[in-house]
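The structure presented is a predicted model; accordingly, all values stated were derived computationally and were not measured.
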Amino acid sequence: ESSGGPAVHSGEFNLKSPMPGLIVAVPVVEGQAVVKGQDLVILESLKMQNELKAPRDGTIGRVRVRAGDSVEQNQVLITLE
C-alpha cells in the first residue's frame, strides 16, 4: 500500500487473523473508541471460538470483515488507530 504520508507509522495497528477460520461476530464499528482487552472480532476455528482483543486503547479505523466471512491466516480484519 503506497498511500504515502507519515500517518501510516503513527501507531496504526492491523489486527490480523491468527489462523484460518470463520468470523462469528464483529462487536465493534468504525469510529468506535475501544480499550485494551476489548473484543474486536470473534473467530471460530476448529470448532473453538477465539476472542481477538484490542492490544491497546484506540479507535476503530476500518472494519474489513463481517460475521459469516471466511478468513485466511494473517488476513487483516480490523485497523486500529
Side-chain angles (χ1 to χ4, degrees):
E1 296 181 28
S2 58
S3 56
V8 177
H9 300 292
S10 65
E12 190 171 89
F13 171 80
N14 288 321
L15 177 72
K16 297 180 180 177
S17 180
M19 63 199 80
L22 179 73
I23 302 297
V24 176
V26 183
V28 293
V29 295
E30 292 180 3
Q32 179 178 337
V34 295
V35 296
K36 181 178 179 178
Q38 184 171 340
D39 289 349
L40 300 184
V41 176
I42 313 298
L43 175 74
E44 183 178 284
S45 182
L46 305 173
K47 302 296 180 198
M48 290 181 56
Q49 286 196 3
N50 303 276
E51 290 89 16
L52 307 183
K53 300 180 185 301
R56 57 171 172 78
D57 295 358
T59 303
I60 301 299
R62 284 200 52 201
V63 176
R64 299 170 183 263
V65 293
R66 62 183 182 203
D69 286 356
S70 291
V71 296
E72 301 297 322
Q73 185 169 3
N74 290 327
Q75 181 173 333
V76 175
L77 309 177
I78 285 182
T79 304
L80 186 65
E81 297 172 346

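The distance from the CD1 atom of Ile60 to the CG atom of Leu40 is 5.0 Å, given to the nearest 0.5 Å. Atom CZ of Arg64 sits about 13.0 Å away from atom CD1 of Ile23, to the nearest 0.5 Å. Here the CZ-CD1 distance, from Arg62 to Ile78, works out to 11.5 Å after rounding to the nearest 0.5 Å.
For residues 28-41, the pairs satisfying side chain to side chain donor-acceptor pair (under 3.5 Å) are Asp39-Lys53, with sequence neighbours left out.
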* Asked: What do the steps show when you test Leu15 against Leu80 for side chain to side chain contact (heavy atoms under 4.5 Å, CB included), and what is the final call?
  -> CA-CA 7 Å; Leu15 177 72; Leu80 186 65; over 6 Å; no
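Looking at every heavy atom in both residues, Leu22 comes nearest to Gly68 through CD1-O, 3.4 Å. In plain terms, the two heavy atoms of Ser45 and Pro20 that are nearest each other are OG-O, 3.0 Å. Taking each heavy atom of Val71 and Gln75 in turn, the nearest pair found is CA-OE1, 3.4 Å. Considering every non-hydrogen atom in both Ser17 and Leu43, the closest pair reads OG-CD2, 3.6 Å.
The side-chain contact (heavy atoms from CB on, under 4.5 Å) search around Val24 returns Ile42, Glu44, Gln49, not counting sequence neighbours. Thr59 is linked by a side-chain contact (heavy atoms from CB on, under 4.5 Å) to nothing, counting only residues two or more places apart in sequence or in another chain.
The only option from Asn74, Asn50, Leu52 that meets the side-chain contact (heavy atoms from CB on, under 4.5 Å) definition with Pro18 turns out to be Leu52.
Contact of the Lys16 side chain with the Val76 side chain is registered, since non-hydrogen atoms from C-beta on lie closer than 4.5 Å.
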